[in-house]
Amino acid sequence: MGIRVYNTLTRRKEDFRPIEPGRVGIYVCGPTVWDYMHIGNARPIVFFDVVRRYLKYRGLDVKYVQNFTDVDDKIINRARGLGVDPMAMAEGYIKAYFEDAGALGVAPADVHPRASRHIEEIIAFIEDLIAKGYAYEVGGDVYFSAARDKAYGQLSGQSLEDLKAGARVEVDERKRAPEDFVLWKKQKPGEPAWPSPWGPGRPGWHIECSAMVRKHLGPTADIHGGGSDLVFPHHENEAAQSRAATGAPLANYWVHNAFLNIEGEKMSKSLGNFIVPREIMRSYRPEALRFFLLSAHYRSPLNFTEEQLKAADAALERLDNALANLKQWLVVSQREAMDDEERKLLGRLTAHRERFITAMDDDFNTADAISALFELTRDVHATLGPQASKELVKAVIDLYHELGDVLGLLRRDEQASLDDAVERLIAQRQEARRRRDWAESDRLRDELAAKGIILEDTPQGVRRKRK
RNA sequence: GGCGACAUAGCCAAGUGGUAAGGCGGAGGUCUGCAAAACCUUUACCCCCGGUUCGAAUCCGGGUGUCGCCUCCA
């Protein structure tokens, strides 16, 4: 059994076979940098980060590309409203993106191409399309003839006729057909622009991805991902362009995540119900948000509520506690080598790992994979204690880290060293406890709690953790 | 109107033919100076109606309901 991936194109789970054995090229549509990322944006960012981690974990050599759309109507309009330079504003939000993504445990992609830095490739791509008869220029704009592409509509499962029937598109007189879409936009006054064979202008939205995939991954990416709202028109159009230009499919596997809603409603600026991770992370650990985002399968809609975020935080804490317990046992244990009973658990560790892998192999079922971590946790607590052998405890800790790393959870940031004042309070409390002065002991514990330090008394000594 | 999802406990969520994983929350218990952590026990007529099958949460048909996309959108 290998990895299986649901392919939007075929609407089926398929065996995952990279073009080149052992190597995978992934392209994910990244943010249009016109504002801070909201938690809806965070879902694909976190999910595809896990896809990447998992494929690496399974021994594949992954090249992960995620673009920034930094030339776009929304950016230009916003910047104009604020009276700032659009490119500078985009730059600022790219910086903010890395802060937010980093906090969520998302590693930078191998390449983060930007539209503004691929103008040359984009122009070449458009020229190619014109030369092949798929695109036409009208007064400084260039359009793609959708009808020229026989497979147009394949990805979104809609025929050109269907699309026309439901069309709510404003008719643009310059287009030859309503379903045509723009590849190059003629400059309007005050807009950023680059010289081109058709005069100054800027790339349309869809073309950048086609050009970047070709440049960074070759004609065909193994996986092309993004939110399900991108299926049409964005990915449909990308696919059409690339087919036309290269004769090859843009991607073999199209992977789309479902939406994240807030309190049962779609998030949108007009409803005013969008939430930004940096706001959430003021009151919750970033890891709790990450856990929440992975707690449902990526193709299921996910409803964000504070209650669920709390539940995610509590669930994650259980895993954290398990790890903390293990680390403490490792310190206090007097025994190195495993006994026979422990060897049985060691065998079960393999089963737990396999359960995790089976879940992830099946179309990246993170929810099921997480449950494997909880089953591991229960097994460990039921079997081991402070008297466990160091050898086994180490093996268990390693497994937590191994599987946690795949999900980007259970990060091993060791406890920040506490300052002297805190250490003194802890020592004072220990002294009070020795005197059986419970009032003073509890007072000191409350005082520390107020500073965000939680103490737990265990038979092996006091343990501290940060709230 | 066209295309497509989804409906499993108080909440969330796996499970695609052999009579229901996991988490949060709740209840009871063990341990502990108290607390915490941990452990044990407990908490499901799988939206409705038909059909296929020895057997259906799972497949098929029909309802009902919720949602997404149909050229800004992760």
Side-chain angles (χ1 to χ4, degrees), chain A residues 8 11 13 28-32 34 37-45 47-48 72-74 77 146 153 156-159 161-170 172 178-182 205-206 225-234 236-237 256-261 264-269 291-292 295-297 299-303 305 307-308 310-322 324-325 328 355 359 362 365-375 377-378 380-382 384-385 433 436-439 441-442 445-446 449 454-459 463 465:
Chain A
T8 304
R11 288 170 192 78
K13 280 187 206 170
V28 175
C29 283
T32 299
W34 68 296
M37 96 167 57
H38 60 232
I39 55 175
N41 299 319
R43 165 113 106 150
I45 289 163
F47 168 65
F48 286 104
D72 169 87
D73 287 346
K74 282 203 294 289
N77 292 336
S156 54
Q158 308 228 119
S159 69
E161 292 310 311
D162 292 338
L163 292 167
K164 280 178 189 163
R168 58 182 194 201
V169 54
E170 286 173 45
D172 184 332
E179 68 275 14
D180 292 353
F181 55 89
V182 69
W205 178 33
H206 314 299
S228 55
D229 56 332
L230 295 183
V231 173
F232 190 88
H234 190 229
E236 190 74 69
N237 291 351
H256 294 98
N257 63 277
F259 258 55
L260 184 141
N261 298 322
E265 280 188 308
K266 182 180 171 172
M267 218 180 334
S268 78
K269 294 249 159 182
F291 184 98
F292 166 74
S295 67
H297 184 84
R299 283 189 287 115
S300 299
L302 184 58
N303 191 33
T305 63
E307 188 191 358
Q308 290 313 315
K310 280 192 179 122
D313 188 60
L316 188 57
E317 194 168 345
R318 178 141 177 247
L319 297 177
D320 287 339
N321 284 331
N325 286 334
Q328 189 177 39
R355 181 160 141 49
D362 185 12
N365 194 334
T366 53
D368 206 17
I370 285 172
S371 79
L373 291 179
F374 282 102
E375 283 169 13
T377 298
R378 185 200 292 258
V380 165
H381 277 301
L384 298 183
R433 292 188 71 220
R436 307 184 74 78
D437 182 351
W438 307 127
S441 163
D442 290 351
R445 183 166 60 195
D446 290 345
I454 306 296
L455 295 186
E456 292 174 359
D457 301 318
T458 75
R463 194 164 81 203
K465 63 182 180 187

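Letters go in sequence order (proteins before strands), and every chain restarts at 1. All values below come from the heavy atoms of this structure, side chains included, with hydrogens, waters and symmetry mates left out.
For the P atoms, the distance linking B/A57 with B/U16 amounts to 14 Å, nearest Å. Straight-line distance between the C1' atoms of B/A38 and B/A20: roughly 27 Å, to the nearest whole Å. Rounded to a whole angstrom, the distance from the P atom of B/U8 to that of B/A13 is 8 Å. Remark: the separation of the C1' atoms in B/C24 and B/C59 is 33 Å, to the nearest Å. For the C1' atom pair drawn from B/G55 and B/G65, the interatomic distance equals 29 Å after rounding to whole Å. A distance of about 12 Å separates the C1' atoms of B/C47 and B/C6, rounded to the whole Å. On the P atoms, B/G26 is 35 Å away from B/G18, given to the nearest whole Å. Taking atom P on both nucleotides, B/C45 is separated from B/A21 by 14 Å, rounded to a whole Å.
Put simply, CG on A/Asp73 is 12 Å from C1' on B/U71, counting in whole angstrom units. When rounded to the nearest whole Å, the span between CG of A/Asn237 and P of B/C69 equals 17 Å. For the pair A/Phe292 CZ and B/C11 P, the interatomic distance rounds to 16 Å; values are reported in whole Å. The NE2-P distance, from A/His234 to B/C72, rounds to 12 Å in whole Å.
The side-chain contact (heavy atoms from CB on, under 4.5 Å) search around A/Thr305 returns A/Glu263, A/Asn303, A/Glu307, A/Gln308, not counting sequence neighbours. Residues forming a salt bridge (Lys or Arg N to Asp or Glu O under 4.0 Å) with A/Arg355 (at least two apart in sequence, or on another chain): A/Asp368, A/Glu375. Taking A/Asp73 as the reference, A/Lys185, A/Arg202 meet the salt bridge (Lys or Arg N to Asp or Glu O under 4.0 Å) condition, with sequence neighbours excluded. With sequence neighbours excluded, no residue satisfies salt bridge (Lys or Arg N to Asp or Glu O under 4.0 Å) with A/Asp229. For A/Asp362, the salt bridge (Lys or Arg N to Asp or Glu O under 4.0 Å) partners two or more places apart in sequence, or in a different chain, are A/Lys13. Listed by chain and residue number, A/Glu236 satisfy the side-chain hydrogen bond (donor to acceptor under 3.5 Å, both in side chains) test with A/Ser156 (two or more places apart in sequence, or in another chain). Residues satisfying the side-chain contact (heavy atoms from CB on, under 4.5 Å) test with A/Ala315, not counting sequence neighbours, are A/Phe291, A/Phe374. Scored by the side-chain contact (heavy atoms from CB on, under 4.5 Å) test, A/Asn237 finds A/Tyr152, A/Phe181, A/His206, A/Pro233 as partners (sequence neighbours excluded). The side-chain hydrogen bond (donor to acceptor under 3.5 Å, both in side chains) test applied to A/Ser300 returns no partner, not counting sequence neighbours.
Across all strands shown, A/Gly226 has heavy atoms under 4.0 Å from sugar-phosphate atoms exclusively, and none from any base. Residue contacts shown for A/Glu375 are limited to sugar-phosphate atoms, with no base heavy atom under 4.0 Å away. Among the protein residues, A/Phe259 comes within range of the nucleic acid bases, having at least one heavy atom under 4.0 Å from a base atom. A/Leu373 comes within contact range of no nucleotide atom at all, as no heavy-atom separation falls under 4.0 Å.
Other residues, nucleotides and ligands contribute more than 12 heavy atoms inside 6.0 Å of the CZ atom of A/Arg11.
Stem analysis of RNA chain B (at least three stacked-register Watson-Crick or G-U pairs, each with both distances under 3.5 Å) gives B:1-7 with B:64-70, B:10-12 with B:22-24, B:25-30 with B:38-43, B:47-51 with B:59-63.
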Can you build the contact string for nucleotides 30-41 of chain B? Use B for base contact, S for sugar-phosphate-only contact, and - for no protein heavy atom under 4.0 Å. ---BBBBSSSS-

Going 5' to 3' through nucleotides 13-20 of chain B and flagging B where a protein heavy-atom sits under 4.0 Å of the base, S where only the sugar-phosphate is that close, and - otherwise, we get SSS-----

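A residue-by-residue look at A/Gln308 and A/Thr32 shows that A/Gln308 has its nearest nucleotide of RNA chain B further toward the 5' end. Closest-nucleotide positions on RNA chain B for A/Gly157 and A/Asn257 were compared, and the one nearer the 5' end corresponds to A/Gly157.
With hydrogens and angles disregarded, a donor-acceptor distance shorter than 3.5 Å links the side chain of A/Thr377 to the backbone of A/Leu373. A/Asn257 places no side-chain N or O within 3.5 Å of a backbone atom of A/Arg299 that could act as its donor or acceptor partner.
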